Amino acid sequence: MNQHIEQTSAPVSLIWKGDRLAMLDQRLLPESIVMLDLFTPEEVWEGIHAMKVRGAPAIGMAAAYGVVLGAKAYGASEATEWLEHVQAVCGHLATSRPTAVNLFWALDRMKKRAQELVQTGTVENWNAGLEQEAIAIQAEDEQVCRSIGEHALPLFEDGMGVLTHCNAGGLATAKYGTALAPMYLAHENGIHLKVFADETRPVLQGARLTAFELQQAGIDVTLLCDNMAGMVMSKGWVQAVIVGTDRVAANGDVANKIGTYSVAVLAKAHGIPFYVASPLSTIDLNTPTGADIPIEERSAEEVTEGFGRRTAPQGVKVFNPAFDVTPNEYVTAIITEKGIVRPPYSNNLAALFKESR
Ligand SMILES: CSC[C@H]1O[C@H](OP(=O)(O)O)[C@H](O)[C@@H]1O
């Protein structure tokens, strides 16, 4: 794996180069912008697992490009053999992280496309077709995120305080983000929002990524420790909360970064609307409730010596779930690229998908 510094106006999480995937190593932000050149699905797997790339849509896009790298490197030209190899690469990439449904959504889409491609043509055609599918996933995501921003924008008035948790911005997607999309669009339209970004321990996506993104864009952002959200709400500084998500269950329960549930409870206690920005690709009607969402547990070291400094005694027990589930009763609305969905979510999410077919 090589690495290089990519000079871009704003850091982007992934750049497809035809024979390699350039992946921004988000672990090094905000101090360093380093793009890693990945040539194999195994390197993409490791990039997802180690959270060099993170954020549900970005994870799905990275995996899709990993499938392309795996397909192109394979020597077989016989249809069944090529298809079986593509399916095996998808199976391996599916083990990189368990919670964000976009990973599986993207891999399923690549497998479906591969099955269509092998009906005719040559292995060169099949590989080119897979590459176009991965490129389409990334291009569509940019438009999906902008649409989420457009649907969300009317919910935010000039001068409002808006709290967000983790990073659901351009670094988690192709561009704009999901939860941050209305903030970018508000800025484009001269609407001044005062954003409060939770630092989001233990990986600090809020401090390192959201604060970085919004500051780079000239958007008013104040960084909070995670334990400050309640006080800030009690002072009346927050008029809305908006977060991203890694998986929305069929009943509207929401899996998102650890700490989101606490923010949702605080918002309800203070009568503050709690919005979830979610592409349709993050809504999983095959998962009935939040109890059915697999929650990733990560290493103790993320908590005890994050970023290289030990802050807990050796050998102490650690519980480090990367996500929690917010029950649907705490969710004011789910903002998608097709519009705003309100309770009852079981009916209205199913109806949304029916309309979208
Ligand atoms: C737009 S998806 C962002 C979503 O993903 C983050 O998780 P991670 O940084 O562990 O990949 C977080 O839950 C964000 O809300």
Side-chain angles (χ1 to χ4, degrees), residues 5-16 21-36 47-48 51-65 100 102 106 134-135 137-153 156 162 164-189 191 193 195-200 203-221 223 242-246 256-257 275-279 281-282 335-337:
I5 302 292
E6 184 105 12
Q7 296 307 326
T8 58
S9 56
V12 291
S13 53
L14 299 164
I15 303 172
W16 176 245
L21 176 64
M23 178 184 286
L24 174 66
D25 188 343
Q26 298 191 29
R27 301 174 306 173
L28 305 179
L29 290 174
E31 300 93 339
S32 307
I33 296 177
V34 174
M35 300 300 289
L36 305 171
I48 295 170
M51 295 178 66
K52 298 174 185 176
V53 64
R54 33 63 51 199
I59 288 171
M61 289 186 281
Y65 285 122
N102 293 66
I135 291 168
I137 288 172
Q138 184 170 15
E140 290 165 18
D141 185 72
E142 180 172 333
Q143 185 46 54
V144 161
C145 288
R146 186 163 182 96
S147 299
I148 288 172
E150 288 163 354
H151 287 297
L153 191 57
F156 299 98
V162 184
T164 191
H165 191 75
C166 197
N167 173 257
L171 291 168
T173 64
K175 190 177 180 183
Y176 299 115
T178 56
L180 300 195
M183 300 173 191
Y184 287 120
L185 266 65
H187 189 61
E188 282 180 17
N189 289 277
I191 298 168
L193 299 179
V195 180
F196 295 93
D198 284 349
E199 66 176 351
T200 316
V203 181
L204 303 181
Q205 291 93 325
R208 297 186 304 105
L209 308 179
T210 294
F212 173 67
E213 277 196 43
L214 296 180
Q215 192 181 57
Q216 292 269 313
I219 294 172
D220 179 348
V221 57
L223 178 61
I242 186 166
V243 298
T245 178
D246 295 83
N256 196 49
K257 184 50 51 196
Y275 299 120
V276 175
S278 175
S281 56
T282 312
I335 304 154
T336 77
E337 65 271 31

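Since this is a predicted model, take the numbers as computed values, not measurements. Numbering starts at 1 and runs along the sequence shown. Quick note: numbers below take in every heavy atom, side chains included, and nothing from hydrogens, waters or symmetry partners.
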**Study point:** Heavy-atom donor-acceptor pair, Asn256 side chain to Thr245 backbone, under 3.5 Å
**Key:** yes

Exercise for review: Locate the shortest heavy-atom distance separating Met183 from Leu193; write the atom from each residue and the value.
Suggested key: CA-CD1, 4.2 Å

Point to revise | Heavy-atom side-chain contact between Lys175 and Val12 under 4.5 Å | key: no

Study note, to complete from the structure: Taken to the nearest 0.5 Å, the spacing of Glu140 CD from Ile135 CD1 works out to 12.0 Å

**Study point:** Step-by-step side-chain contact (heavy atoms from CB on, under 4.5 Å) determination, Phe156 to Ile242
**Key:** CA-CA 10 Å; Phe156 299 98; Ile242 186 166; 4.0 Å; yes

Practice item. Indicate yes or no for a side-chain donor-acceptor contact from Ser147 to the backbone of Gln143 under 3.5 Å, with no hydrogens or angles considered. Key: yes

Practice item. May I ask you to test the Tyr65-Gln138 pair for a side-chain heavy-atom distance under 4.5 Å? Key: yes

**Study point:** Any donor-acceptor pair under 3.5 Å from Thr210 side chain to Cys166 backbone
**Key:** yes

Practice item. Evaluate the side-chain hydrogen bond (donor to acceptor under 3.5 Å, both in side chains) criterion for residues Asn167 and Arg54: first the C-alpha distance (whole Å), next the side-chain angles of each, then the deciding distance (0.1 Å), finally the verdict. Key: CA-CA 9 Å; Asn167 173 257; Arg54 33 63 51 199; 2.8 Å; yes

**Study point:** All pairs passing side-chain hydrogen bond (donor to acceptor under 3.5 Å, both in side chains) where residues 178-189 contributes a residue, at least two apart
**Key:** Arg146-Glu188, Tyr184-Glu213

**Study point:** Gln26 side-chain N/O to Ser13 backbone N/O, donor-acceptor pair under 3.5 Å
**Key:** no

Exercise for review: Supply the atom-to-atom distance Thr173 OG1 to Leu180 CG, rounded to the nearest 0.5 angstrom.
Suggested key: 8.5 Å

Point to revise | Non-hydrogen atoms of Ala179 and Pro182 that approach each other most closely | key: O-CD, 3.3 Å

